[in-house]
Amino acid sequence: MKKITANQLYYLLNANMIELIDIRDPQKFNRGHIEKSINIPYRYLITNPHSYLEKQTMYALICDFGITSDDAAYKLYNLGYNVVSVVKGIKSWDYGLIT
């Protein structure tokens, strides 16, 4: 399973090369999230990935500090999904959040 930095994510998002999934709870997402991200909480994504993901699409997963997204990315990668985790999570994002 691969990890990317916030700077790499910024580039990939601007190049429309990746989809960003924020796996935090909706309350945290609504307090501040990255533009273009969609909120699919961890518990839903892990229990029902086929409802949200396509195996040919590249996804970045982000959480607060990168720990939960690492876990999710590892599990989804082993199921055949093209996922990466953002190192240090949303706390490492220096490009502004939407509230």
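Note: the hydrophobic cluster containing Leu12 also contains Ile90 (ILVMFWY, side chain heavy atoms under 4.5 Å, direct or indirect links). Using a 4.5 Å cut-off between side-chain heavy atoms of Ile, Leu, Val, Met, Phe, Trp and Tyr, with links allowed through other members, Ile98 and Phe29 fall into different hydrophobic clusters. Taking hydrophobic clusters as Ile, Leu, Val, Met, Phe, Trp and Tyr residues chained together by side-chain heavy-atom distances below 4.5 Å, Tyr52 shares a cluster with Tyr77.
Remark: Ile21 CD1 to Cys63 SG distance equals 13.0 Å, nearest 0.5 Å.
Side-chain contact between Leu97 and Ile34 is present, with heavy atoms from C-beta onward closer than 4.5 Å. Side-chain contact between Ile62 and Leu20 is present, with heavy atoms from C-beta onward closer than 4.5 Å. With a 4.5 Å cut-off on side-chain heavy atoms, Ile18 and Leu9 count as touching. Between Asp64 and Lys28 the shortest side-chain heavy-atom distance falls below 4.5 Å. Here the side chains of Ile46 and Ile23 are not in contact, with every heavy-atom distance at 4.5 Å or above. The shortest side-chain heavy-atom distance between Val84 and Lys3 does not fall under the 4.5 Å cut-off.
No more than 12 heavy atoms of other residues, nucleotides or ligands shown are found within 6.0 angstrom of NZ on Lys2. Annotation: Tyr44, atom OH; neighbour count of heavy atoms from other residues, nucleotides and ligands within 6.0 Å does not exceed 12. Within a 6.0 Å radius of CD in Glu35, no more than 12 heavy atoms belonging to other residues, nucleotides or ligands are found.
Contact detail for Val86 and Ala60: the closest heavy-atom pair is CG2-CB, 4.3 Å. Between Asn39 and Asp22, the shortest heavy-atom contact is ND2-O, 3.0 Å. What you find for Leu61 and Ala73 is that their closest heavy atoms are CD1-N, 3.5 Å. Of all heavy-atom pairs spanning Met17 and Tyr11, the tightest one is SD-CE2, 4.2 Å. Contact detail for Lys91 and Phe65: the closest heavy-atom pair is CG-CE2, 3.5 Å. Closest heavy-atom contact between Gly66 and Ser85: O-OG, 3.9 Å.
With sequence neighbours excluded, the residues that form a side-chain contact (heavy atoms from CB on, under 4.5 Å) with Asn7 are Thr5, Tyr95.
Looking at Asn78, its side chain does come within 3.5 Å of a backbone N or O of Tyr74 through a donor-acceptor pair. Side-chain atoms of Ser37 do not come within 3.5 Å of backbone N or O of His33 as any donor-acceptor pair. A donor-acceptor distance shorter than 3.5 angstrom exists from the side chain of Lys55 to the backbone of Leu79, with no hydrogens or angles considered.
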Task: Verdict with supporting geometry, Met58 and Val83, side-chain contact (heavy atoms from CB on, under 4.5 Å) - done: CA-CA 6 Å; Met58 184 176 181; Val83 295; over 6 Å; no

Open item on the list: Apply side-chain contact (heavy atoms from CB on, under 4.5 Å) to residues Tyr81 and Gln56 and explain how you reach the verdict.
Closed with: CA-CA 7 Å; Tyr81 293 98; Gln56 66 276 13; over 6 Å; no

Open item on the list: Checking Tyr42 against Asp25 for the side chain to side chain donor-acceptor pair (under 3.5 Å) test, could you report, in this order, the C-alpha distance in whole Å, the side-chain angles of both residues, the deciding distance, and whether it holds?
Closed with: CA-CA 8 Å; Tyr42 173 87; Asp25 288 332; over 6 Å; no

